[in-house]
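Written out below as structure tokens is the structure these notes cover.
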Amino acid sequence: MAQKIAEQMRLLKRGTVEIFTEDELSERLADSAKTGRQLRIKLGLDPTSADIHLGHTVVLRKMRQFQDLGHKAVLIIGDYTARIGDPSGQNTTRPMLSPQQIEENAKTYFQQAGKILDTSEKKLEVRYNSEWLSELRLADIIKLTGNMTVARMLERDTFELRHKKGDPIGVHEFLYPLMQGYDSVMIKSDVELGGTDQTFNNLVGRDIQRAYGQKPQIVITTPILVGLDGKEKMSKSKGNYIGVTDQAGDMFGKIMSISDDMMENYFTLLTDLPTDEIKELVNPKKTHPKKAKVLLGKTIVAAFYNEATAQLAAAEFDKVFAQGQLPDEIPEIQIPPEPIMASKLLLQCGLVSSGAEGKRIIKQSGCTIDGRKISDPNEQITPTEGMVVQVGKRKFARLKISN
RNA sequence: GGGUCGGUGCCCGAGUGGUUAAAGGGAACGGGCUGUAAACCCGUUGGCGUAAGCCUACGUUGGUUCGAAUCCAACCCGGCCCA
């Protein structure tokens, strides 16, 4: 029994940054094993953006482990809190969202999270925090805020930074951690998961639960996944992300574009490969980096699609980029057979966003038509059936003559 | 409420009457190098026009001027200090 708990602890600790506290966690796991009570594992989702990306999957994968150990995932859709905007990791106030937007985002979010989580009823509970937050009276809110001091709020790194820098902090933003803590009270969470950027919020949950007479939740933080640029946190707004709904080919391509030294991080956080195997893969003396990266790409794509699709994506990538051949699927563009200026043609094909950009690309020899490099933007091109227009390395269009 | 500083291109940020489609950086895009990369190097980055050139752009609206991002007025938004 004790051994079993130790085994669980080892599994749960992989890929985490901190656990507040480990003793409490193993105690509660033991308690659960004894009584058969499922632990309630909370994860708050911020529905301000509809798509989830690999950054989110780090914590979702951790959640999945808890589910596989028999516990219950409680997803909180922060519909109410989204109207405020979470200041985490932001240096500016986020816009508030309309209920409709939030509703839509939440739906998509849930669907996408299902790619990783066990969605069976016994293992998953989904709640909207408007359920209880919208019921609060001013007196309740004052009671809640009484559990926090301004000084403690300002200790928080993001607030401190913004305050010092002279950036605005809305008073309403102070309510966010408190509401999130209140969520923990309402769903009686045993454990709360979150990225390290959520540490403060999640720890506040412990205080709030204590204040409301509950046993404080255990807080587990997971690392923030670095985005494709290798510098900043993966996030949609920075455009350095891989979405879980990305096409297999895109997903693979994006992974191939990361720098070699990011591979270890991605392997550890996004795959289940054993640690010592990863060590071999990222050691250039033992494995050629390209080979390792292809494996990384295939493994990740396979997790969201399947093995065959992953193979295909890899083969296609090799064909187009390594060998410079045409991809299998090229979007077809209807076009009349009259001669047209090269720069206009690019615009017509939707390969550039303006005629001026088309000219620029052509002058920089970034455009190929049927394998022939075009250098004069004013050259008259007579479209023919099946003519292939290429811009850069990865934008293609195949012409289809219309009358 | 008073004082003061500020709002510039995708972002940050220089510019304080003409030579400014607006320095510099970031980012993105195109090319080179490569292992597909990353790093690095070169180039490009408002739109329309074959071109000459024209149009649009520096919070908003008006005004001064031959000419304004730059001066003035009002307004909107924000920072800081004082109350």
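Naming: A, B, ... by sequence-line order, numbering from 1 per chain. Side-chain atoms are counted along with the backbone in the values below, which use heavy atoms only and exclude waters and symmetry mates. Only a predicted model underlies this, so the values are computations on that prediction, with no experimental measurement involved.
- For P377(A), the side-chain contact (heavy atoms from CB on, under 4.5 Å) criterion is met by S343(A), K359(A), I362(A), K363(A), not counting sequence neighbours.
- In terms of phosphate contacts, K359(A) brings no side-chain nitrogen or oxygen within less than 4.0 Å of OP1 or OP2 of G49(B).
- Phosphate contact (OP1/OP2 of A38(B), side-chain N/O of K290(A), threshold under 4.0 Å): absent.
- Note: CG (L346(A)) to P (C48(B)) measures 12 Å, nearest angstrom.
- To the nearest whole angstrom, the two P atoms, one in C76(B) and one in C29(B), are 42 Å apart.
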Just list the side-chain donor-acceptor pairs under 3.5 Å for residues 256-268 of chain A, sequence neighbours left out, or say none.
residue	atom	partner	partner atom	Å
S257(A)	OG	K254(A)	O	2.8
S259(A)	OG	D261(A)	OD1	2.5
D260(A)	OD1	K293(A)	NZ	2.8
E264(A)	OE2	K279(A)	NZ	2.7
Y266(A)	OH	V226(A)	O	2.6
T268(A)	OG1	E264(A)	O	2.7

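- Across the C1' atoms, C81(B) and C72(B) are found 27 Å apart, a figure rounded to whole Å.
- Here, U45(B) and U36(B) have their P atoms 30 Å apart, quoted to the whole Å.
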*What dot-bracket string describes RNA chain B from 5' to 3', counting Watson-Crick and G-U wobble pairs whose defining distances are under 3.5 Å, with [ ] for crossing pairs and | for pairs to another strand?*
((((((((.[[[..)..(.....]]]((((((.......))))))(((....)))...[[[[[..)....]]]]]))))))).
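- Considering only residues two or more places apart in sequence or on other chains, S32(A) meets the side-chain hydrogen bond (donor to acceptor under 3.5 Å, both in side chains) condition with none of them.
- Side-chain atoms of Q65(A) and K62(A) include a donor-acceptor pair closer than 3.5 Å.
- A distance of about 34 Å separates the C1' atoms of C77(B) and C66(B), rounded to the whole Å.
- Sorted by first and then second residue, the side chain to side chain donor-acceptor pair (under 3.5 Å) pairs involving residues 378-399 of chain A (not counting sequence neighbours) are R372(A)-E379(A).
- The closest side-chain heavy-atom distance from I218(A) to D190(A) is not below 4.5 Å.
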_Generate the contact string for nucleotides 40-45 of chain B. Rules: B means base contact, S means sugar-phosphate contact only, - means no protein heavy atom under 4.0 Å._
---BSS
